[in-house]
Protein chains: 2
Amino acid sequence: MRETVTAKDVAKLAGVSQSSVSRVYFEGASVSEKTKKRVLEAAEELGYRPNVYARSLITNQSNIIGLVMKGVQNPFYAQVLKRFSSIFKQHGYSILFVYTNNDEIQKEDVETLLNYNVAGVVVTDATMSFSVGEEFKKNHIPLVFFNRKLGTGEFHSVCCNNLSASRWIAQYLLSKGASELVLITGDEHTSTSIEREKGFCEVLDQQRIAYRKYNSDYTYEGGYQTAMTVLEEKQLPAAFFVANDIMALGVIDALRKNDIRIPQDTKVVGFDNIEMASWPAYELTTWEQPIEEMIEETVNYLLAEIMSYTGLAQIIEVDGKFVERKTT
Amino acid sequence: MRETVTAKDVAKLAGVSQSSVSRVYFEGASVSEKTKKRVLEAAEELGYRPNVYARSLITNQSNIIGLVMKGVQNPFYAQVLKRFSSIFKQHGYSILFVYTNNDEIQKEDVETLLNYNVAGVVVTDATMSFSVGEEFKKNHIPLVFFNRKLGTGEFHSVCCNNLSASRWIAQYLLSKGASELVLITGDEHTSTSIEREKGFCEVLDQQRIAYRKYNSDYTYEGGYQTAMTVLEEKQLPAAFFVANDIMALGVIDALRKNDIRIPQDTKVVGFDNIEMASWPAYELTTWEQPIEEMIEETVNYLLAEIMSYTGLAQIIEVDGKFVERKTT
DNA sequence: GAGTTTGTTGCATACGTATGCAAATGAAAG
DNA sequence: CTTTCATTTGCATACGTATGCAACAAACTC
């Protein structure tokens with residue numbers, strides 16, 4: 001029942017060889033305009049579509065980009081997913097979506113990516129063991145860590161400049177006269193959380209300013225609970241620096257629950273500038289990650305590496321900018 | 001450089017034929033325990049992985065599920081994406097993520113799905129022309145419209161029972177003494193919006209209760225703007241029924257911006273019960289879509305159809321339940 | 001017009017796996 | 001030990017495409 005039209009069928013109808021049909025659909029092959037036209041007409045008539053599997057089998061390539069993601073729930077990554085899908089589609093690539101519920105990408109998921117011989121991989125919001133990264137290198141599959149880092153420069157990475165951003169935020173809060181500060185970090189294994197903490201603390205330590213640090217998990221609930229814990233202890237800090245926006249929203253809600261006024265009684269700064277940060281209910285001051293720019297960098301690198309693999313890795317850091325709203 | 005270990009290599013090392021190797025990896029083929037063990041050992045040693053493309057070429061099947069989605073930004077669909085990915089992975093399927101920015105799934109996207117000969121398709125948050133649906137039928141590819149309907153029963157569909165839910169909500173608001181009502185709908189072409197409107201209006205018409213209807217677009221900004229428009233007109237309604245939660249949050253923020261107290265001055269009811277509906281900042285009364293149940297239904301149907309195709313379509317409606325919070 | 005170059009075409013083969021068929025093996029029965 | 005039957009194995013081929021090679025045609029060059 002499943003009618004399957006092959007290049008041979010098209011060839012017969014067009015009165016050419018199967019090779020010629022193949023060449024019509026193969027970028028850069030040499031075919032005359034005349035046969036090309038005849039082939040396309042015949043193909044149209046029969047409803048021919050080249051078989052992806054036969055093609056990939058012989059070329060040992062695919063038009064699939066693997067996208068590894070954990071926190072789809074975080075609006076930041078939802079937007080990332082949307083943009084990547086959109087752009088890669090424009091370039092003729094399809095998206096193999098790999099959801100990983102562990103921080104570290106699992107063997108099973110890696111196998112999937114290798115099985116489909118993906119043209120490239122974007123890992124956002126997850127990490128992987130060093131050896132797994134090497135596996136991709138061995139197979140000449142370009143890989144980008146988006147908004148994450150792994151190791152120290154062995155793998156390509158596109159990030160916001162978390163260090164300078166968090167330093168800036170520290171300075172900003174100090175300039176606002178905030179003396180006692182609270183820092184709420186995200187998943188402690190992620191490079192983003194580590195760096196945002198580092199930059200922030202560096203400045204405070206240098207100026208001998210007191211601060212308390214609480215470890216959370218980059219989720220709304222985490223932010224909410226952590227803020228509650230903070231409030232259970234004696235004194236209300238002058239300001240909170242929260243390692244991402246979604247947690248910051250949780251923090252705000254927890255503070256409000258306790259009738260603490262923002263920004264009068266305390267201040268809150270987030271990180272990411274997700275859409276919700278600008279909602280009237282929150283009006284969160286935050287650091288904007290330049291998503292478009294980061295995605296463009298990522299796509300350009302991948303496409304170049306797919307064209308001709310070098311394996312050269314680089315850590316690219318894009319600045320982003322501070323967005324002041326009503327929580328400070 | 002790209003070392004490619006084939007079944008032949010494994011066969012040689014294990015001292016068996018390539019066929020035997022193939023049979024070890026093929027579900028339900030007959031191999032003795034002895035050779036199976038030897039093959040697996042050899043495979044392990046060489047790092048063998050069956051070639052997906054060769055396999056699909058010959059079997060004319062794939063282990064890919066196409067997931068078509070538009071509104072990734074809506075937390076409801078983010079959760080749907082996460083759950084589907086997770087469950088299908090458990091069943092050995094990978095996800096081809098197809099993002100469509102048009103309401104109607106484009107030809108290009110359909111081609112992608114057909115090219116990869118997906119085992120099944122889930123369409124959420126998008127619609128497709130009738131003829132495209134037929135195309136999938138022709139190719140015996142099972143298809144489910146998730147939270148959407150197309151036509152009148154020609155295609156399988158898993159939804160919340162929008163009609164009875166919105167009727168229930170209308171009754172509820174009336175019982176709360178709300179006399180003048182406002183209905184804010186979503187994308188007017190979507191079955192969900194149409195049905196939620198229908199059920200709601202039916203009840204009101206029957207009881208000759210006045211209401212105004214505003215058309216919006218299922219986004220936060222849409223809800224916000226629409227509410228602003230409503231407020232520009234003379235009188236504040238006693239309650240809003242908003243066709244989904246994310247819009248309802250926009251409505252709430254717009255009302256608050258105008259210093260309107262909820263639920264004292266007016267009430268708001270949403271639909272979906274996304275996580276944010278329970279956030280302290282909103283505490284939105286809403287109708288809970290039984291996501292888990294809907295997903296389970298969808299997956300079961302697809303797996304069954306993949307096993308043995310019948311093409312039988314059914315419209316499955318799951319009830320869900322009312323969740324009363326503080327906006328009513 | 002013979003020779004040279006450029007561009008196009010078909011033939012034949014290869015990619016790595018699944019599978020029908022026949023051969024071979026092993027177990028069970030007599 | 002022979003016969004029967006069930007199970008396992010290898011051989012050979014097919015899936016639909018890309019591509020090296022040789023053949024061919026056309027267009028120039030001298």
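Fair warning: this is a prediction, and the values are worked out from it, not measured in the lab. We name chains A, B, ... by the order of the sequence lines, and we start the count at 1 in each one.
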Specify the separation, in whole Å, of atom [atom1] of [X] and atom [atom2] of [N].
{"X": "Y53(A)", "N": "dG16(D)", "atom1": "OH", "atom2": "P", "value": "14 Å"}
{"X": "L57(B)", "N": "dT13(D)", "atom1": "CG", "atom2": "P", "value": "18 Å"}
{"X": "R55(A)", "N": "dG16(D)", "atom1": "CZ", "atom2": "C1'", "value": "11 Å"}
{"X": "N117(A)", "N": "dT17(C)", "atom1": "CG", "atom2": "P", "value": "13 Å"}
{"X": "R38(A)", "N": "dT8(C)", "atom1": "CZ", "atom2": "C1'", "value": "13 Å"}
{"X": "K37(A)", "N": "dT8(C)", "atom1": "NZ", "atom2": "P", "value": "17 Å"}
{"X": "K36(A)", "N": "dT9(C)", "atom1": "NZ", "atom2": "P", "value": "12 Å"}
{"X": "D9(B)", "N": "dG16(C)", "atom1": "CG", "atom2": "P", "value": "9 Å"}

| task | Determine yes or no for a side-chain-to-main-chain donor-acceptor pair under 3.5 angstrom, with N147(A) supplying the side chain and C159(A) the backbone. | result |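 No.
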| Can any side-chain N or O of N139(A) pair as donor or acceptor with the backbone N or O of I141(A) at less than 3.5 Å? | no
OP1 or OP2 of [N] less than 4.0 angstrom from a side-chain nitrogen or oxygen of [X], does that happen here?
{"X": "T4(A)", "N": "dG16(D)", "result": "yes"}
{"X": "Y48(A)", "N": "dT17(D)", "result": "yes"}
{"X": "S19(A)", "N": "dA18(D)", "result": "no"}
{"X": "S17(B)", "N": "dC11(D)", "result": "no"}

| Is the shortest distance from a Lys or Arg side-chain nitrogen in E317(B) or K149(B) to a carboxylate oxygen in the other one below 4.0 Å? | yes
| task | May I ask you to decide whether K37(B) forms a salt bridge with E41(B), counting only side-chain N to carboxylate O separations under 4.0 Å? | result | yes
Classify the nucleic acid contact of [X] as base, sugar-phosphate or nothing, counting any heavy atom under 4.0 Å across all strands shown.
{"X": "S20(A)", "result": "sugar-phosphate"}
{"X": "S22(A)", "result": "base"}
{"X": "V21(B)", "result": "nothing"}
{"X": "S56(A)", "result": "nothing"}

| query | Are K137(A) and F155(A) in a cation-pi setup, meaning NZ or CZ lies under 6.0 angstrom from the ring centre and within 45 degrees of the ring axis? | reply | yes
| What about Q18(B): does its side chain form a donor-acceptor pair under 3.5 Å with the base of dA18(C)? | yes
| request: Report yes or no: is there a donor-acceptor pair, N or O only, under 3.5 Å between the side chain of R23(B) and the base of dG10(D)? | output: yes
| task | Look at the side chain of N51(B) and decide which nucleotide, out of dG16(D), dG16(C), dA18(C), has an atom nearest to it. | result |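 Closest of the options to the side chain of N51(B): dG16(C).
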| query | S30(A) has a side chain; which of dT9(C), dA14(C), dA14(D) sits nearest to it? | reply | dT9(C)
| task | Carefully, step by step, assess K107(B) and E135(B) under the rule salt bridge (charged side-chain N to carboxylate O under 4.0 Å, His left out). | result | CA-CA 11 Å; K107(B) 188 168 181 180; E135(B) 183 115 11; over 6 Å; no
| message | Quick check on DNA chain D: between T6(A) and E33(B), whose nearest nucleotide comes earlier from the 5' end? | response | E33(B)
| request: Nearest-nucleotide wise, let me know which of A54(B) and F26(B) is further upstream toward the 5' end of DNA chain C. | output: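 Result: A54(B).
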